[in-house]
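Below, read A as the first sequence line, B as the second, and so on, with proteins coming before strands; counting in each chain starts at 1.
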Amino acid sequence: MATEPFTSAPVMVGRSAAAPEPRPIPAEESLCPVISHSWVNAEYRHLVVEASPKALAVTPGQFFNLLCPSPDVGELFFRRPQSVYRIDRPKGRVEFLYKCVGRGTRGLATLKAGDDLNMVGPLGVGFHLDPTWRHIVVLGRGVGIATLGPISQLAKDNGVGVTAILSARDADFVMAGALFAEAGEVVSVLDTDGTSAVDNVEKILDGLIAQKRADAFFTCGSNRLFQLMKRVGRANTIPGQVAMEQVMACGLGPCYVCVRTFEVDGKKELRRVCIEGPVFDMQEAVGW
Amino acid sequence: MATEPFTSAPVMVGRSAAAPEPRPIPAEESLCPVISHSWVNAEYRHLVVEASPKALAVTPGQFFNLLCPSPDVGELFFRRPQSVYRIDRPKGRVEFLYKCVGRGTRGLATLKAGDDLNMVGPLGVGFHLDPTWRHIVVLGRGVGIATLGPISQLAKDNGVGVTAILSARDADFVMAGALFAEAGEVVSVLDTDGTSAVDNVEKILDGLIAQKRADAFFTCGSNRLFQLMKRVGRANTIPGQVAMEQVMACGLGPCYVCVRTFEVDGKKELRRVCIEGPVFDMQEAVGW
Amino acid sequence: MVDMSVKIGSVTLKNPIMPGSGCFSTDLAQVMDINRLGAMVAKTVSRDYRAGNPPPRAAEVEGGMINSIGLPTKGIEYFFEHQVPDYRRFTPPLVGSISATTIEDFEAMARDVAKGDIDVLEVNISCPTRDPKGGNFALHAEHTYDVVKLIRATTEKPVWVKLSPNAGDIVTVAQAAERAGANALVVSNTILGLKINTDTLRPAIGNKFGGLSGPGIKPVIVRMVYQCARAVKIPIIGCGGIVKVEDVVEYMLAGATAVMIGYLTFRNPSGMIAIIDGLEQWCVKRGFKRVADLTGAMIDEAPMETFAAAAMPIG
Amino acid sequence: MVDMSVKIGSVTLKNPIMPGSGCFSTDLAQVMDINRLGAMVAKTVSRDYRAGNPPPRAAEVEGGMINSIGLPTKGIEYFFEHQVPDYRRFTPPLVGSISATTIEDFEAMARDVAKGDIDVLEVNISCPTRDPKGGNFALHAEHTYDVVKLIRATTEKPVWVKLSPNAGDIVTVAQAAERAGANALVVSNTILGLKINTDTLRPAIGNKFGGLSGPGIKPVIVRMVYQCARAVKIPIIGCGGIVKVEDVVEYMLAGATAVMIGYLTFRNPSGMIAIIDGLEQWCVKRGFKRVADLTGAMIDEAPMETFAAAAMPIG
Ligand SMILES: Cc1cc2nc3c(=O)[nH]c(=O)nc-3n(C[C@H](O)[C@H](O)[C@H](O)COP(=O)(O)OP(=O)(O)OC[C@H]3O[C@@H](n4cnc5c(N)ncnc54)[C@H](O)[C@@H]3O)c2cc1C
Ligand SMILES: Cc1cc2nc3c(=O)[nH]c(=O)nc-3n(C[C@H](O)[C@H](O)[C@H](O)COP(=O)(O)OP(=O)(O)OC[C@H]3O[C@@H](n4cnc5c(N)ncnc54)[C@H](O)[C@@H]3O)c2cc1C
Ligand SMILES: Cc1cc2nc3c(=O)[nH]c(=O)nc-3n(C[C@H](O)[C@H](O)[C@H](O)COP(=O)(O)O)c2cc1C
Ligand SMILES: Cc1cc2nc3c(=O)[nH]c(=O)nc-3n(C[C@H](O)[C@H](O)[C@H](O)COP(=O)(O)O)c2cc1C
Ligand code: FES
Ligand code: FES
């Protein structure tokens with residue numbers, strides 16, 4: 001009798017002892033029980049899973065490549081990358097905040113507490129916090145807010161202050177506000193009242209720079225806001241990091257599907273978002 | 001946004017009024033709510049669904065082509081034919097009795113009460129009961145018993161007596177006994193006590209013929225028993241019907257995937273099980 | 001209201017949806033209103049009776065199915081005496097499909113079949129499991145040219161030529177068929193495949209090799225339709241793996257004027273009808289007033305993501 | 001205990017499982033013990049830096065994926081300075097894959113690469129999305145013969161030639177490669193495909209065309225492996241759509257000596273390792289003492305169903 005359509009041997013979280021490993025293998029495919037899964041607003045879901053010890057070693061800005069169940073009878077042939085939204089080491093959990101946009105995320109949304117989520121990770125290069133920084137600025141929009149979320153944890157752990165400028169259509173889509181409120185100050189800028197306009201965000205950034213509350217910049221989720229932050233950062237020589245997205249196939253480095261363009265000393269080059277990123281130097285990134 | 005991987009417009013049983021139809025279209029794709037689904041023994045499951053009016057017109061020996069949910073992440077590209085096991089017109093239900101053998105039936109087995117079963121039918125040519133017959137003999141084994149089951153209904157409705165010889169590995173696998181007990185007499189022949197041997201079955205048949213309780217023969221499920229019944233039938237000029245199986249693709253007639261060999265006046269020909277059968281003249285069938 | 005009609009040379013179809021040969025018969029009246037189809041395409045006939053291949057004749061595979069039916073047929077006499085009148089109970093134009101093993105046979109078949117009561121002659125020179133030495137003209141441009149040229153001369157009726165995806169260079173085959181006078185091309189028949197049953201260690205189907213069809217072949221055939229559409233002027237009928245409205249749209253964007261559907265009917269017997277309805281809705285939603293405007297309407301540029309500083313083009 | 005080793009000419013692999021070129025790098029040490037593989041296959045290199053194609057470079061399709069990476073490479077200097085030493089941290093034999101656009105380039109590349117620290121030279125003459133006029137030798141037997149002949153003369157190391165499923169007659173291409181001195185054939189690279197995004201009406205990937213890989217292509221490539229294995233004496237490495245143990249068995253039954261795996265690694269990153277383990281278990285269960293005994297072991301007869309009076313064979 002034929003086996004399942006795919007052969008793999010994921011680690012079953014909470015159900016099997018990890019096998020001893022001859023070499024350090026930092027990432028793995030694991031089957032992680034879903035602890036909770038709920039709607040945050042009309043488009044975003046919050047997913048909490050029990051993680052394997054390796055998965056728990058994830059750092060802010062890193063991601064997992066999720067095998068989403070299919071929402072229909074068709075198979076999904078690619079995993080879908082999702083960055084970690086919260087890391088709860090005491091409870092052994094990792095959390096995701098994601099937007100339902102297509103078949104993959106609609107399939108992911110079908111998981112219920114108790115189901116298993118097949119995830120590969122942790123993957124990629126996360127955010128870096130320089131211990132000499134006193135105060136950083138985080139600027140995010142849309143799904144980018146999910147990716148930036150765990151910076152709040154990083155900042156708190158390192159005693160660094162944060163101003164999080166969270167841009168959204170309306171108040172319903174300002175996510176992660178609570179996370180950042182724990183770590184610093186939150187400024188919501190909305191489409192509904194016009195505060196999300198680039199001009200206005202620029203003023204806010206300028207204000208923070210004037211107050212010396214901008215030792216480093218972090219952004220994700222909007223090319224427009226990235227370009228703004230890059231420009232302001234360059235003008236004021238503020239180091240910056242941007243988390244980027246790209247369609248992925250392997251998520252691990254070999255396939256070169258996930259490249260974006262970067263520019264160093266006037267020379268363009270392509271880098272892989274999955275292994276050289278997703279977090280990159282803001283001044284080297286060209287945008288998307 | 002792309003739709004589901006397949007376009008179809010099944011009739012949703014119990015939830016939508018059937019559209020008026022310009023021409024009589026006897027069969028249809030319908031989504032039928034599962035009423036109950038249980039194990040009969042270690043290998044067979046009994047499935048009861050709420051049927052559309054068209055589906056309810058099914059007659060014994062006809063079948064439905066079922067779109068089994070996949071038991072794993074891979075897609076199932078063929079439907080799986082299953083003959084009707086019981087027709088409950090007062091309650092508007094049809095029933096199936098099936099053996100779990102491969103991916104399709106294992107997938108089918110995952111359906112729970114309240115789920116929808118996508119079925120196409122009723123299809124094919126069913127059993128025929130001549131009103132002049134007084135007593136018929138049914139000989140079945142394995143999944144064949146499921147197919148023969150509704151003959152008990154047909155016989156009862158037509159006031160024809162039945163002897164059902166049900167062959168099985170052991171007493172656990174004598175299915176449909178209750179159905180036939182309502183309509184006539186049941187003789188179980190088992191591997192465990194040797195009574196299922198062809199010799200013994202032949203003796204039983206001879207006995208029934210001697211008692212003039214064999215106006216017609218019906219069989220399904222075992223080539224060995226089919227050959228026996230065919231031989232005995234020919235020797236005693238007893239008309240017979242056999243229900244046959246073959247891998248199907250369309251289940252409707254066009255594709256010619258489901259052929260079996262038949263012989264008429266010494267000439268061989270191929271017939272389609274799905275539309276020229278599954279019930280065929282026993283003397284014309286060659287076997288499988 | 002969307003104008004759903006399409007023109008394939010002199011033939012106007014009320015919509016672009018047809019069945020693929022071998023995947024249709026009037027038996028489908030069991031489950032659908034056949035009169036709604038753009039056209040009816042009969043199962044390929046040969047001159048004389050053929051039993052076809054030994055069962056099992058089909059098996060599920062990862063992207064769909066393989067089949068080797070072996071072109072069973074009761075011959076052309078039976079076709080005209082019984083099958084054509086049966087088809088004529090329905091109103092859509094009737095496409096008769098023929099096959100033969102030699103070029104002479106093909107010419108004679110074409111002459112005999114085209115003069116019967118059919119509207120279009122489809123020439124199946126591409127059945128992947130026929131004797132590869134004889135029947136499969138569509139692997140080579142010259143063979144295709146030769147056979148189509150002769151067939152062309154036998155009839156005034158439209159001749160559609162069904163090509164093979166197993167050809168190494170389907171574009172030159174398409175051009176050869178056009179030069180020889182084909183009125184339209186069907187792109188395409190099935191891809192030759194093999195499935196081995198790892199339980200029995202034997203081939204999964206009776207003829208060993210079978211033709212692959214179903215969703216899995218769509219990216220290959222869409223590519224071929226696109227390539228052929230840019231290389232010939234005659235209409236192209238896309239065929240391979242269509243199971244949803246968007247698949248029809250994809251084929252038409254690539255350059256197809258109409259499509260044929262095989263496998264879907266096995267899975268969703270009235271799927272062709274649902275696609276006709278869905279295609280109309282799709283056109284409404286997207287503002288296409290005539291479905292025919294979809295043909296070749298792919299925007300032949302890079303995807304819309306801005307690659308601000310795109311990579312160097314391939315060398 | 002099953003003997004899992006296989007011999008490909010002079011090279012012995014401890015098991016028949018290798019990655020496909022372009023689907024492997026030492027980055028996979030993130031998720032697997034690379035030392036367990038039968039061999040390592042490096043990403044195809046060209047002489048000079050190539051950026052590759054504009055993104056998006058891949059898209060999901062029905063039976064798997066299409067990709068057009070465009071063979072990005074940092075060139076052979078970088079390959080030997082950085083990548084080869086990096087591979088050499090691991091123990092399996094290293095297969096270096098090369099590509100070029102002209103026959104002269106190919107010869108020079110082969111000479112330069114083969115003398116470096118690699119164990120086998122794989123010649124990628126089949127990348128489906130390279131300039132079809134230049135790079136894709138594997139579409140034609142003569143081109144294949146010419147390029148392999150020259151490459152053969154440059155080195156004593158084993159030369160594996162990677163064929164293209166887009167060739168109309170892969171068997172003659174295989175024979176040409178054998179005649180020219182190839183030590184093994186990799187059957188095969190991806191099938192050229194096209195996906196059009198029906199929302200944007202544009203191609204789904206930056207290069208428009210992409211190579212189809214994944215489960216959907218398996219029936220086609222298994223067929224090609226079977227055909228090639230009967231036509232040549234050199235070992236064949238099966239490649240295309242392998243995602244489970246039975247797929248490896250199927251390829252070996254069809255005549256492959258070993259296999260390469262691409263897509264599976266994207267879905268189940270340590271899937272190759274699970275397959276090595278599962279293949280051994282499969283052999284135990286089925287009583288095969290040596291995995292090599294699977295090669296060509298298909299029982300070349302009809303399936304086991306008794307067709308008491310089987311249909312007439314095909315005409
Ligand atoms: C490193 C990384 C981290 C991410 N983190 C988050 C997150 O925390 N929260 C969140 O909501 N989203 C995140 N995303 C985006 C998320 O991966 C996509 O929204 C998701 O893959 C869409 O899948 P889909 O099938 O639902 O939609 P589709 O219909 O397939 O596509 C919708 C969009 O998603 C993109 N997409 C599709 N497949 C992939 C793929 N394999 N890899 C990358 N992008 C793809 C498409 O280009 C398209 O623009 C992240 C992406 C990356 C690369
Ligand atoms: C007209 C008809 C009526 C049937 N009625 C019953 C019934 O009442 N109860 C019952 O238990 N079984 C019945 N069967 C058999 C049933 O169809 C198969 O057991 C089922 O299709 C197996 O599917 P699978 O995926 O579980 O197994 P697989 O692993 O796919 O196959 C197991 C066996 O089933 C056969 N099979 C696979 N696909 C098909 C197909 N599309 N059509 C026909 N056979 C196939 C294969 O040849 C194989 O021998 C009937 C078959 C036919 C043709
Ligand atoms: C069971 C079956 C029988 C077929 N018979 C024929 C045939 O007789 N003549 C023909 O030209 N094509 C035949 N085909 C090919 C189909 O017409 C069509 O070209 C192919 O299946 C691809 O379309 P699909 O993927 O929608 O099925 C057959 C296909 C199948 C699956
Ligand atoms: C993203 C990607 C990149 C590839 N790059 C190469 C390459 O550089 N050289 C090569 O010979 N084959 C390349 N291939 C082809 C694979 O090696 C393999 O032949 C093909 O993918 C079929 O196997 P699969 O179905 O297991 O993926 C690539 C395939 C993919 C999916
Ligand atoms: S997704 Fe494969 S290299 Fe990044
Ligand atoms: S299954 Fe298609 S004709 Fe019977």
(message) Could you check whether D:D293 pairs with D:R286 (Lys NZ or Arg NE/NH1/NH2 to Asp/Glu carboxylate O, under 4.0 Å)?
(response) no
(request) Could you tell me whether D:E250 and D:K218 have a side-chain N and a carboxylate O separated by less than 4.0 Å? (result) yes
Sort [X] into side chain, backbone, both or neither according to what part of it lies under 4.5 angstrom from a heavy atom of chain C.
X: D:V220; value: both
X: D:L212; value: side chain
X: D:K208; value: side chain
X: D:I205; value: backbone
X: D:A254; value: both

Tell me, for [X] versus chain D, whether the close heavy atoms (under 4.5 Å) come from the side chain, the backbone, both or neither.
X: C:D247; value: side chain
X: C:D169; value: neither
X: C:V222; value: both

(request) Could you tell me which non-hydrogen atom of C:T44 sits nearest to which non-hydrogen atom of C:T73, and how far apart they are? (result) O-CB, 4.3 Å
(message) For a 4.5 angstrom cut-off between non-hydrogen side-chain atoms, does D:N136 reach D:C127?
(response) no
(request) Flag the one option from C:G241, C:P215, C:P203 with the top tally of heavy-atom pairs under 4.5 Å to chain D. (result) C:P203
(message) Below 30° counts as parallel, above 60° as perpendicular, anything between as tilted: where do the rings of C:W282 and C:F288 land?
(response) parallel
(request) Using the salt bridge (Lys or Arg N to Asp or Glu O under 4.0 Å) rule, collect all pairs that involve residues 66-76 of chain C, keeping only residues at least two apart or in two chains. (result) none
(request) Against chain C, work out which of D:I66, D:L253, D:N166 has the most heavy-atom pairs shorter than 4.5 Å and name it. (result) D:L253
